[in-house]
Number of protein chains: 2
Amino acid sequence: MADLQRFRDMLAAYMAKKGLRSTKQRDAIVDAFFVQPDHVSIEELLARVRERDAAIGYATVYRTLKLLTESGVADEHRFGDGLARYELADEEAHHDHLICVECAKITEFEAPDIERLQDEVAKRFGFVTRFHKHEIYGVCPDCQKKTKPRR
Amino acid sequence: MADLQRFRDMLAAYMAKKGLRSTKQRDAIVDAFFVQPDHVSIEELLARVRERDAAIGYATVYRTLKLLTESGVADEHRFGDGLARYELADEEAHHDHLICVECAKITEFEAPDIERLQDEVAKRFGFVTRFHKHEIYGVCPDCQKKTKPRR
DNA sequence: CTCATTGCAAATAATTTGCATGTAA
DNA sequence: TTACATGCAAATTATTTGCAATGAG
């Protein structure tokens with residue numbers, strides 16, 4: 001688990017710079033995100049947040065996640081199921097994803113050697129890298145067992 | 001440029017197997033795709049196709065591109081601008097993408113060493129890979145010149 | 001007090017689908 | 001002839017936005 005305080009500070013700084021205000025809705029959403037900032041969708045997060053305050057509207061969740069993304073606290077991902085998912089923008093421990101095409105489970109992996117080769121590719125083309133996506137779609141071990149049981 | 005005939009055969013086989021018919025609209029769309037099968041969007045393809053037959057509806061383009069995708073002739077990509085783009089599903093010459101965040105230009109790259117490391121990652125997690133996405137987002141050489149001119 | 005924020009509903013944008021009509025095979 | 005295909009418009013889905021009411025600083 002990353003250093004959450006660092007992210008809270010990052011968000012506070014961004015909000016101060018932009019003259020944004022903190023509200024109970026925002027706090028509830030941000031807290032809910034920090035509880036388990038791992039590939040949550042808006043809908044999942046909204047459900048979590050409504051346990052604390054049932055009146056929070058989904059537009060507020062969209063707006064707050066956009067705020068988290070702009071402030072550099074969260075990264076937005078799209079894994080092919082048509083909706084955005086968010087996770088902590090943890091550069092220190094950068095990882096990429098394996099996505100199961102059967103059960104949609106997401107597994108993280110780190111591969112510094114791939115990152116290095118990737119930097120070389122960017123350099124070869126004269127690109128200044130901002131970010132990247134590396135996603136491997138396939139069938140996870142669990143689903144391999146389910147899909148082709150010996151019979 | 002890949003062996004287009006191979007892809008035409010692949011499509012014909014798929015259509016035969018499914019009992020699908022060839023129509024002048026489908027032919028026009030497929031031909032237009034084959035002319036330049038490089039990251040076209042539905043809208044771009046529709047424009048191209050309408051030069052030949054102005055009456056073709058956009059639903060037909062959607063349906064035909066889905067057909068191309070299902071038959072293994074085309075791959076669908078989403079590069080973050082909110083719409084689907086299609087390219088030839090050329091496994092022999094597999095490549096990934098560099099996307100300029102300024103001008104949205106897409107550059108292809110091949111990196112067999114990355115692919116190999118990626119296979120190792122999948123194996124390490126017991127995944128059976130179906131396909132992958134590796135996209136590097138950054139600023140291309142042209143836009144670097146535009147964005148920060150010496151002044 | 002002032003201006004950002006919220007919740008709601010309506011607006012978008014990309015894509016999909018129902019259906020009457022057209023048309024391959 | 002017998003389904004499959006098409007074009008249109010309406011439906012869907014995820015997300016965004018206008019606006020009046022609310023609330024933070």
Side-chain angles (χ1 to χ4, degrees), chain A residues 11-33 39-71 74-86 104, chain B residues 11-33 39-71 74-86 104:
Chain A
L11 177 60
Y14 182 84
M15 290 178 67
K17 188 179 66 184
K18 295 271 184 173
L20 306 180
R21 294 166 184 178
S22 95
T23 64
K24 69 180 204 299
Q25 292 90 331
R26 251 175 211 172
D27 292 345
I29 295 165
V30 170
D31 287 350
F33 176 69
H39 324 119
V40 260
S41 66
I42 295 288
E43 197 165 300
E44 289 164 358
L45 199 54
L46 179 61
R48 242 186 248 170
V49 164
R50 282 195 168 157
E51 292 172 14
R52 194 205 281 194
D53 179 347
I56 289 181
Y58 69 112
T60 304
V61 181
Y62 273 102
R63 288 188 271 232
T64 303
L65 269 290
K66 171 172 282 184
L67 169 59
L68 288 174
T69 304
E70 286 168 356
S71 62
D75 276 340
E76 187 181 295
H77 285 274
R78 285 174 180 278
F79 294 120
D81 54 357
L83 43 81
R85 292 180 175 279
Y86 299 83
Chain B
L11 177 61
Y14 182 84
M15 291 178 66
K17 189 178 65 184
K18 295 270 185 174
L20 306 179
R21 294 167 184 176
S22 95
T23 66
K24 69 179 203 301
Q25 291 92 332
R26 253 176 209 171
D27 293 346
I29 295 166
V30 171
D31 288 350
F33 175 69
H39 325 121
V40 260
S41 65
I42 296 286
E43 198 164 300
E44 289 164 358
L45 199 55
L46 179 61
R48 238 186 251 171
V49 163
R50 281 194 169 158
E51 292 172 14
R52 196 206 280 195
D53 179 347
I56 288 181
Y58 70 112
T60 304
V61 181
Y62 273 101
R63 286 188 272 233
T64 303
L65 268 291
K66 172 172 282 186
L67 170 59
L68 288 174
T69 304
E70 286 169 355
S71 62
D75 276 341
E76 187 181 294
H77 286 275
R78 285 175 180 277
F79 295 120
D81 54 358
L83 42 80
R85 293 181 174 277
Y86 299 84

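Quick note on labels: first sequence line is chain A, next is B, and so on, each numbered from 1.
- Residues passing the salt bridge (charged side-chain N to carboxylate O under 4.0 Å, His left out) test with A:Arg26, sequence neighbours excluded: none.
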>> What does the B/S/- profile of nucleotides 19-25 of chain D look like, 5' to 3', with a 4.0 Å heavy-atom cutoff to protein?
In response: ----BBS
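- Within residues 39-60 of chain A, the residues having any heavy atom under 4.0 Å from DNA chain D are, by residue number, A:Tyr58, A:Ala59.
- The side-chain contact (heavy atoms from CB on, under 4.5 Å) search around A:Asp53 returns A:Lys24, A:Ala55, A:Ile56, not counting sequence neighbours.
- Listed by chain and residue number, B:Ile42, B:Tyr58 satisfy the side-chain contact (heavy atoms from CB on, under 4.5 Å) test with B:Tyr62 (two or more places apart in sequence, or in another chain).
- The two atoms that bring A:Arg85 and A:Ser41 nearest to each other are NH1-N, 3.8 Å, heavy atoms only.
- Taking 4.5 Å as the limit, every side-chain heavy atom of B:Leu46 sits out of range of all side-chain heavy atoms of B:Thr60.
- With sequence neighbours excluded, the residues forming a side chain to side chain donor-acceptor pair (under 3.5 Å) with B:Glu76 are B:Tyr86, listed by chain and number.
- Proximity of B:Leu65 to B:Ile29: side-chain heavy atoms (C-beta onward) are separated by under 4.5 Å at one or more points.
- Taking A:Arg52 as the reference, A:Asp31 meet the side chain to side chain donor-acceptor pair (under 3.5 Å) condition, with sequence neighbours excluded.
- Looking at B:His77 and B:Asp75, their side chains come closer than 4.5 Å, going by heavy atoms from C-beta outward.
- Closest approach of B:Arg50 and B:Gly57 over heavy atoms only: NH2-CA, 3.9 Å.
- Counting heavy atoms from C-beta on, the side chains of B:Thr69 and B:Leu67 never come closer than 4.5 Å.
- Atom pair B:Tyr62:OH and D:dT12:C1' shows a separation of 13 Å (rounding to whole Å applied).
- Once you apply a 4.0 Å limit to the heavy atoms of chain A, the touched nucleotides of DNA chain C run 5' to 3' over C:dC3 to C:dA10.
- Every residue was checked against the salt bridge (charged side-chain N to carboxylate O under 4.0 Å, His left out) condition with B:Glu43, not counting sequence neighbours, and none meets it.
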>> Reading 5' to 3' and counting Watson-Crick or G-U wobble pairs with both distances under 3.5 Å, write the dot-bracket notation for DNA chain D, | for bases paired outside the strand.
In response: |||||||||||||||||||||||||
>> Walk me through whether B:Thr64 and B:Leu45 qualify under side chain to side chain contact (heavy atoms under 4.5 Å, CB included).
In response: CA-CA 11 Å; B:Thr64 303; B:Leu45 199 55; over 6 Å; no
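- In this structure, the side chain to side chain donor-acceptor pair (under 3.5 Å) partners of B:Tyr14, at least two apart in sequence or on a different chain, are B:Glu70.
- For the segment residues 75-82 of chain B, residues with any heavy atom less than 4.0 angstrom from an atom of DNA chain C are, sorted by number, B:Arg78, B:Gly82.
- Checking side-chain atoms of A:Arg48 against main-chain N and O of A:Ala32 turns up a donor-acceptor pair under 3.5 Å.
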